[in-house]
Number of protein chains: 2
Amino acid sequence: MKLNIVLADDHQMFRHALRALLEKEPHLNIVAEAADGEALLRIIGEQAVDIVCIDIGMPGMNGIEATRRLLALRPEIRVIGLSAYSDRQFVIDLLNAGALGYVTKAEASEELLRAIHHVQQGRTYLCPDVSGAVASALRFDTDLRASSHTLTARERQVLQLIAEGHTSARIAERLHIAASTVEVHRRNIMRKLGLHNVVELTRYAIHSGISPVVDDGA
Amino acid sequence: MKLNIVLADDHQMFRHALRALLEKEPHLNIVAEAADGEALLRIIGEQAVDIVCIDIGMPGMNGIEATRRLLALRPEIRVIGLSAYSDRQFVIDLLNAGALGYVTKAEASEELLRAIHHVQQGRTYLCPDVSGAVASALRFDTDLRASSHTLTARERQVLQLIAEGHTSARIAERLHIAASTVEVHRRNIMRKLGLHNVVELTRYAIHSGISPVVDDGA
DNA sequence: TTCGGCATACCGGTTTACCGGTAGTTCGCG
DNA sequence: CGCGAACTACCGGTAAACCGGTATGCCGAA
C-alpha cells in the first residue's frame with residue numbers, strides 16, 4: 001500500500017524538485033502540492049492523505065498555524081515540518097502544534113525519507129542538528145512548553161502579518177475583522193512581549209520563526 | 001553532447017531535489033553540487049562546467065560575489081541566479097556580476113529549464129515576475145546598470161539604526177544631526193530600495209547583513 | 001568651471017502607529 | 001452557574017512615519 005503524501009511550500013520550484021525526488025521511491029505517492037496554508041487545508045478536505053510535508057516559513061498562514069488547523073480537522077494525518085532554520089522555539093512550537101517530524105532543508109534528503117518512515121509508524125523524528133539543539137536547550141530550561149511568550153493563535157497570525165509589512169487596515173481586510181481589533185491584538189502582543197514598535201515586532205517575528213527572514217515579491 | 005551543470009545552494013535538500021528533477025532531462029548532466037561559494041570555486045577549477053545554477057542567499061560568500069569571482073576565472077561559464085526573492089537590486093547586481101539568467105524559486109521548475117536553454121545559447125533569461133519588476137523600475141530610473149540603488153555609507157548607518165528600532169529623533173541625537181535630515185535619509189533609502197515602511201526596511205537590513213539577527217545559541 | 005552626488009535642513013500635509021480607556025460576545029472550565 | 005480567557009469593537013489623543021517639495025554648502029569628476 002502506497003503512502004499518500006502532500007507537499008506544502010511557497011516555492012513552486014522546491015515543490016517540483018522535491019516531488020521528483022520522492023517519486024523515485026516506489027512506496028511513496030505524491031497526491032498534491034500546496035503553495036500556502038489555505039490551499040493545504042482545502043486539499044486535505046478533499047482527498048485521502050497519510051503524510052503532509054509542510055514548510056514552516058510560508059507567507060500568510062505559516063506552517064505552524066496550518067499544522068494546528070490541519071490536525072484539528074484530520075488528527076490522523078502525520079505532519080513533518082520542513083524548514084530552513086533550526087531555531088529552538090520554532091521546533092517546540094511545531095511539535096506542540098502536533099507535528100511528529102522536523103527536518104531542516106540544510107540536511108540531506110535522506111533525512112526526509114527517514115522522517116517519513118518514522119512518522120508513518122507514529123513515531124517522532126527530528127533530524128540530527130535539530131534534536132541536538134533541542135537537547136542542549138533542555139539542559140537549561142526544564143519546561144519549554146510553558147515558557148516564553150504565550151501568544152494566542154490569533155495574535156501569532158496578526159504578528160506575522162505585521163512583520164510582513166502590512167498596515168492594520170490591510171490586516172483587518174485579510175482577516176475580515178475591524179482595524180480597531182487588529183490594533184488591540186497588536187497592543188496585546190506588544191504588552192506580552194515587552195516590545196514597543198513594529199520594528200521590534202518584526203525582529204521578534206523573524207527570530208522566533210513566526211515570519212521567514214525573506215519573503216517573495218517586491 | 002550533454003550540458004555539464006553545477007548546482008550551488010546552501011540547502012542540501014534543495015540541491016538533491018533539484019538534481020532529481022534536472023536528471024529527468026536527458027541532455028543535462030549534473031556534475032557537482034556546492035554548499036557555498038568557496039566550494040563552488042574549487043569545483044569549477046577542477047572540472048569542465050558549462051552552466052552554474054547558483055543561489056543568491058548563501059551564507060558566507062553570497063551568490064553575487066561568487067559569480068563575480070567565478071567569471072573572473074572562467075568567463076565562458078553561463079551563470080543562472082536562483083533566489084527566493086525578486087528584489088530588484090539583487091537582480092541588477094547579479095546581472096552586473098555577469099550572470100545571464102535569473103529565476104525565483106517561487107516560479108515553476110520549467111522556468112529553470114527555459115533559463116538553461118536560453119543561457120546555453122548565450123542569451124539572457126529573466127523569469128516573468130523578475131522581468132516585470134525590472135521593467136517597472138526602468139520607468140523611474142533610466143540607468144539601472146550603474147547600480148544607482150547602492151546605499152551610501154551614511155544611509156547604511158541610518159538604516160541600521162532604524163532596523164534597531166530607533167525613532168528618527170533618537171537617530172538624530174545619536175548622529176548629531178537634525179531629525180529632518182534623518183527623515184530625508186530614510187526616504188532616500190526607501191526610494192532606492194523600493195520599500196515603503198520600516199518593517200520592510202528592517203527585513204532588508206537583516207537579510208542584507210546590515211543588521212544581524214542575534215541567535216541565542218539555538 | 002560647471003555638473004552631479006552627498007549630506008545637511010526645513011516646509012506642509014496625510015496616514016499609521018502607539019497608548020489609554022470601555023465593553024460586548026462566545027466558549028470552556030471548575 | 002459564575003468566571004476568566006479570547007476575540008471582537010469603539011472612543012479619544014499624541015507621536016511617529018510617510019510623501020511631496022525646496023534649498024544650501026561641499027566636493028570630486030567631467
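Fair warning: this is a prediction, and the values are worked out from it, not measured in the lab. A, B, ... follow the sequence lines: proteins, then strands. Residue 1 opens every chain.
Protein atom CG of B:Leu159 is 17 Å distant from nucleotide atom C1' of C:dA7, rounded to whole Å. Whole-Å rounding puts the B:Leu161 CG to D:dA17 C1' distance at 16 Å. When rounded to the nearest whole Å, the span between CG of A:Asn197 and C1' of D:dA15 equals 12 Å. With rounding to whole Å, A:Glu200 atom CD is found 14 Å from D:dA16 atom P. Put simply, CD1 on B:Ile189 is 11 Å from P on D:dC18, counting in whole angstrom units. We find that NE2 of B:His196 is positioned 18 Å from C1' of C:dA17, with the value rounded to whole Å. Between A:Arg170 atom CZ and D:dC18 atom P there is a gap of 16 Å when expressed in whole angstrom units. Here the P atom of nucleotide D:dA17 and the CE atom of B:Met190 are 10 Å apart, to the nearest Å.
Heavy atoms only, all atoms of each residue included: A:Ile177 and A:His185 are closest at CD1-CD2, 4.4 Å. Here the closest heavy-atom approach between residue B:Glu155 and residue B:Thr152 is recorded as OE1-N, 2.9 Å.
Ring orientation note: the planes of B:Tyr125 and B:His118 are tilted relative to one another, at an angle of 30° to 60°.
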Between the protein and nucleotides 8-16 of chain C, list the N/O to N/O atom pairs that are separated by less than 3.5 angstrom.
unit_1	atom_1	unit_2	atom_2	d
C:dT8	OP1	B:Arg154	NE	3.3
C:dT8	OP1	B:Arg154	NH2	2.7
C:dT8	OP2	B:Arg154	NE	3.2
C:dT8	OP2	B:His185	NE2	2.8
C:dA9	OP2	B:Ala178	N	2.6
C:dA9	OP2	B:Thr181	OG1	3.1
C:dA9	O5'	B:Thr181	OG1	3.4
C:dC10	OP2	B:Ser180	OG	3.3

Q: Evaluate the criterion salt bridge (charged side-chain N to carboxylate O under 4.0 Å, His left out) for residue pair A:Glu173 and A:Arg170; output intermediate values, then yes/no.
A: CA-CA 5 Å; A:Glu173 283 178 20; A:Arg170 279 191 62 86; 5.2 Å; no

Q: Apply salt bridge (charged side-chain N to carboxylate O under 4.0 Å, His left out) to A:Lys105 and B:Asp10, showing your working.
A: CA-CA 9 Å; A:Lys105 292 182 181 178; B:Asp10 54 325; over 6 Å; no

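Side-chain contact of B:Thr202 with A:Arg203: a donor-acceptor pair under 3.5 Å is absent, judged by distance alone.
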